[in-house]
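I have placed the structure first, in the form of structure tokens, so that the comments after it can refer back to it.
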Amino acid sequence: MGDIKNFVEELRWRGMIHDVMPETEEQMLKGMTAGYVGIDPTADSLHIGHLVGVMMLKHLQIAGHKPIALVGGATGMIGDPSGKSAERNLLSEAELRKNEEGIKNQLSKFLDFESDIPNRAKLVNNYDWMRDFSFLEFIRDIGKHITVNYMMAKDSVKKRIGADSKSGMSFTEFSYQLVQGYDFLYLYEHENCKLQMGGADQWGNITTGTELIRRKLGHENNAFALTCPLITKADGGKFGKTESGNIWLDPQRTSPYEFYQFWLNVSDEDAERYIKIFTLLSGPEIGNLIKEHKEAPHLRLLQKTLAKDITIRVHSQKDYESATSASEILFGKATTGMLRSIDEKTLLSVFKGVPQAEISKQEFEDGIPLLEFLSAKAGAFKSNGEARRMLRENGVSINKSKIKDDYIISGADLLNDKYILVQKGKKNYFLVKVL
RNA sequence: GGGGGGAUACCGAAGCGGUCAAACGGGGCAGACUGUAAAUCUGUUGGCUCAGCCUUCGGAGGUUCGAAUCCUCCUCCCCCCA
């Protein structure tokens with residue numbers, strides 16, 4: 001340890017810097033510095049949108065600095081107005097604590113909280129210091145140092161107060177930046193934390209913090225800010241969302257197979273950016289990968305490398321392997337015949353991440369209308385109408401063979417005597433088990 | 001407290017007495033093309049026992065042969081003045 005690497009430079013070549021406060025780089029080179037990222041505990045799991053912040057902390061630790069993950073128990077009860085057009089629902093304390101627990105577990109896959117090193121990672125919850133801070137104390141000791149004029153100048157506020165705002169802004173939301181700013185002040189004083197990082201949308205909130213530190217503690221007290229660009233998709237869509245919602249780190253919410261598939265499906269353009277952000281591969285390694293990928297784009301080396309790296313880190317080597325073998329069977333040249341030749345154990349492991357449904361043997365033998373089977377039973381469609389439509393569009397397969405609306409499900413369709421594979425389009429699979 | 005504006009399907013937004021299950025855009029889904037990519041093109045996007053029927057346009061009533069469209073009351077939101 002003791003070796004300090006150039007943290008800012010590392011993030012820079014990875015394209016992870018949107019904005020840095022002047023002299024931040026100098027500070028980070030002086031010696032071990034603590035830096036933090038705030039995480040909203042809106043759920044008991046992180047999703048991949050959180051991953052950028054987590055990676056920043058990871059790089060911070062690698063560079064020899066001390067990462068602090070701040071779970072925003074208190075701020076999470078308020079809701080950050082940045083980037084939101086409407087106020088959010090408030091969370092109860094019980095929910096917050098449960099969420100904190102889940103987040104903590106996931107973070108430890110990335111950060112070293114355990115070792116006996118000086119820059120061991122630390123997890124804090126701002127609820128613990130905000131809880132007993134009375135309103136009167138707060139406005140007297142903190143609110144005093146920041147003018148409303150200053151707060152109103154922030155984009156996050158202007159957007160909500162301007163004429164085109166649709167819902168106005170509550171005092172609670174308005175106070176948000178000050179509460180977050182106080183977090184920074186608190187960590188500065190108690191953890192000697194001099195840096196706050198976050199997404200580009202956090203710049204305003206972070207600088208309220210550095211401003212507060214300067215005004216309350218005096219000008220010799222300098223705190224720093226660094227933000228990374230908001231992760232986007234080349235086509236303008238939201239990063240980290242799919243039809244079925246967020247991509248979570250929790251395997252209960254997003255199976256390792258889906259997780260792997262998400263990264264594998266990233267576009268070429270995005271893959272080049274993502275691999276720098278979400279893996280720890282070195283510059284030269286990434287340069288080579290990009291070069292190789294361009295020579296044979298159809299092999300999708302970038303996507304595969306990216307997906308592998310993250311899946312193993314978040315899940316495990318084993319999960320990665322079963323995800324790839326499942327992908328192999330589902331997207332490879334597999335045919336109905338091949339499906340039939342797979343033994344039950346393999347079949348089940350392949351479809352571990354695929355939605356499954358059950359149907360009784362009795363019901364099956366009595367004969368079941370195709371539409372009902374596809375929608376109500378298999379769960380592939382929300383309504384019979386949708387199933388009908390998809391059949392018309394030639395988008396439904398059973399056991400990898402396209403079917404028409406006059407198809408009759410029978411015992412001949414059973415794989416291993418009890419499974420039927422329903423497929424909607426190319427990528428959506430559903431496994432029905434006949435018991 | 002006063003005045004004005006608004007609430008339409010996943011989102012944005014038309015419609016202002018029948019031809020409205022509701023234009024248009026975005027998003028979603030599917031098909032073609034491909035590399036399980038992007039771009040593009042096409043179809044589709046309330047439900048059903050689907051060429052017919054049923055339930056929808058903030059809520060409750062009313063006018064009318066007929067209402068998302070008119071009237072009354074209610075709820076919620078925004079803006080301006082005090």
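Proteins get letters first, then strands, A, B, ... in listed order; numbering begins at 1 in each. These values consider heavy atoms only, across backbone and side chains, with no hydrogens, waters or symmetry-generated copies.
- Closest of all the heavy-atom pairs between A/W129 and A/L187 is CH2-CD2, 3.9 Å.
- B/C81 and B/C74 are spaced 26 Å apart, taking the P atom of each and rounding to whole Å.
- Distance from the side chain of A/K426 is smallest to B/U34 among B/U34, B/U36, B/G47.
- B/G31 and B/C76 have their C1' atoms separated by 43 Å, with the value rounded to a whole Å.
- When distances run from any side-chain atom of A/S267 to the nucleotides B/G35, B/U45, B/A37, the shortest one goes to B/A37.
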Carefully, step by step, assess A/E10 and A/R14 under the rule salt bridge (charged side-chain N to carboxylate O under 4.0 Å, His left out).
CA-CA 7 Å; A/E10 179 74 18; A/R14 287 181 183 274; 2.8 Å; yes
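- Rounding to whole angstrom units, CD of residue A/Q423 and C1' of B/A30 are separated by 13 Å.
- A/N125 and A/E100 share a donor-acceptor pair across their side chains, judged by distance under 3.5 Å alone.
- Nucleotides B/U19 and B/A67, compared at atom C1', are 15 Å apart to the nearest Å.
- The shortest distance between the side-chain N/O atoms of A/R388 and the OP1/OP2 oxygens of B/A30 is not below 4.0 Å.
- Pairing of B/A39, defined by two Watson-Crick or G-U wobble distances under 3.5 Å, is not identified with any nucleotide.
- The side chain of A/M390 lies closest to B/A30 when the candidates are B/A30, B/U49, B/G35.
- With both ends at atom C1', the span from B/C33 to B/A38 equals 12 Å, rounded to whole Å.
- Rounding to whole angstrom units, CG of residue A/L301 and C1' of B/A37 are separated by 14 Å.
- For A/K424, counting side-chain heavy atoms from C-beta on, the closest listed nucleotide (B/A30, B/G35, B/A37) is B/A30.
- Across all strands shown, B/C76 forms a Watson-Crick or G-U wobble pair, both distances under 3.5 Å, with B/G6.
- Two residues, A/Y260 and A/K382, neighbour RNA chain B, and the one matched to the more 5' nucleotide by heavy-atom proximity is A/Y260.
- Which of B/U36, B/G35, B/C48 sits closest to the side chain of A/N265 comes down to B/U36.
- As rounded to the nearest Å, B/A23 and B/G15 have C1' atoms that lie 8 Å from one another.
- Here the two rings, on A/Y36 and A/F184, have centers that are under 6.0 Å apart.
- Straight-line distance between the C1' atoms of B/C20 and B/A68: roughly 8 Å, to the nearest whole Å.
- Using the Watson-Crick or G-U wobble rule with both distances under 3.5 Å, B/G1 pairs with B/C81.
- Between A/F7 and A/H59, the gap from one ring centroid to the other reaches at least 6.0 Å.
- Atom-to-atom, CG of A/L302 to P of B/U36 comes out at 16 Å; the value is rounded to the nearest Å.
- When the C1' atom is compared between B/U69 and B/C16, the two are found 5 Å apart, to the nearest whole Å.
- We find that A/D44 and A/R253 are joined by a salt bridge, their nearest charged nitrogen and carboxylate oxygen being less than 4.0 Å apart.
- To the nearest angstrom, C1' of B/G46 lies 17 Å from CZ of A/F381.
- Candidate nucleotides B/U36, B/U49, B/G35 were compared by shortest atom distance to the side chain of A/H298, and B/G35 ranks first.
- In the set B/U45, B/C48, B/G35, B/C48 carries the atom at the smallest distance from any side-chain atom of A/N384.
- Nucleotide B/G27 is matched to B/U45 when pairs are restricted to Watson-Crick or G-U wobble geometry with both distances under 3.5 angstrom.
- With both pairing distances under 3.5 Å, B/U56 is matched to nothing as a Watson-Crick or G-U wobble pair.
- For A/K402, the listed nucleotide lying nearest its side chain is B/G31; candidates were B/U36, B/G47, B/G31.
- The partner of B/A51 cannot be assigned: no Watson-Crick or G-U wobble pair with both contacts below 3.5 Å exists in any strand.
- In this entry the distance linking CG of A/L391 with C1' of B/C50 reads 14 Å, nearest Å.
- Taking the six-membered ring where the residue is Trp, A/F171 and A/F174 present tilted rings, their angle falling between 30° and 60°.
- Within 4.0 Å (heavy atoms only), A/G385 reaches at least one base atom of the nucleic acid.
- Counting distance only, with no hydrogens placed and no angle test, the side-chain atoms of A/Q261 and the base atoms of B/U36 include a donor-acceptor pair under 3.5 Å.
- Taking atom CG of residue A/L306 and atom P of nucleotide B/U36, one finds them 17 Å apart after rounding to whole Å.
- Put simply, CD on A/E386 is 19 Å from P on B/G43, counting in whole angstrom units.
- Straight-line distance between the C1' atoms of B/A14 and B/A22: roughly 10 Å, to the nearest whole Å.
- A sub-4.0 Å separation between OP1 or OP2 of B/C48 and a side-chain N or O of A/S383 is present.
- Taking the side chain of A/E393 as heavy atoms from C-beta on, and the options B/U36, B/G35, B/U44, the nearest nucleotide is B/U44.
- Between A/K294 atom NZ and B/A37 atom C1' there is a gap of 14 Å when expressed in whole angstrom units.
- The salt bridge (charged side-chain N to carboxylate O under 4.0 Å, His left out) analysis of residues 282-302 of chain A, with sequence neighbours excluded, yields the pairs A/E272-A/K294.
- Across the interface with RNA chain B, nearest-nucleotide mapping of A/R389 and A/S327 shows A/S327 to be the residue nearer the 5′ end.
- Put simply, A/N428 has a side-chain N or O that comes within less than 4.0 Å of OP1 or OP2 on B/A30.
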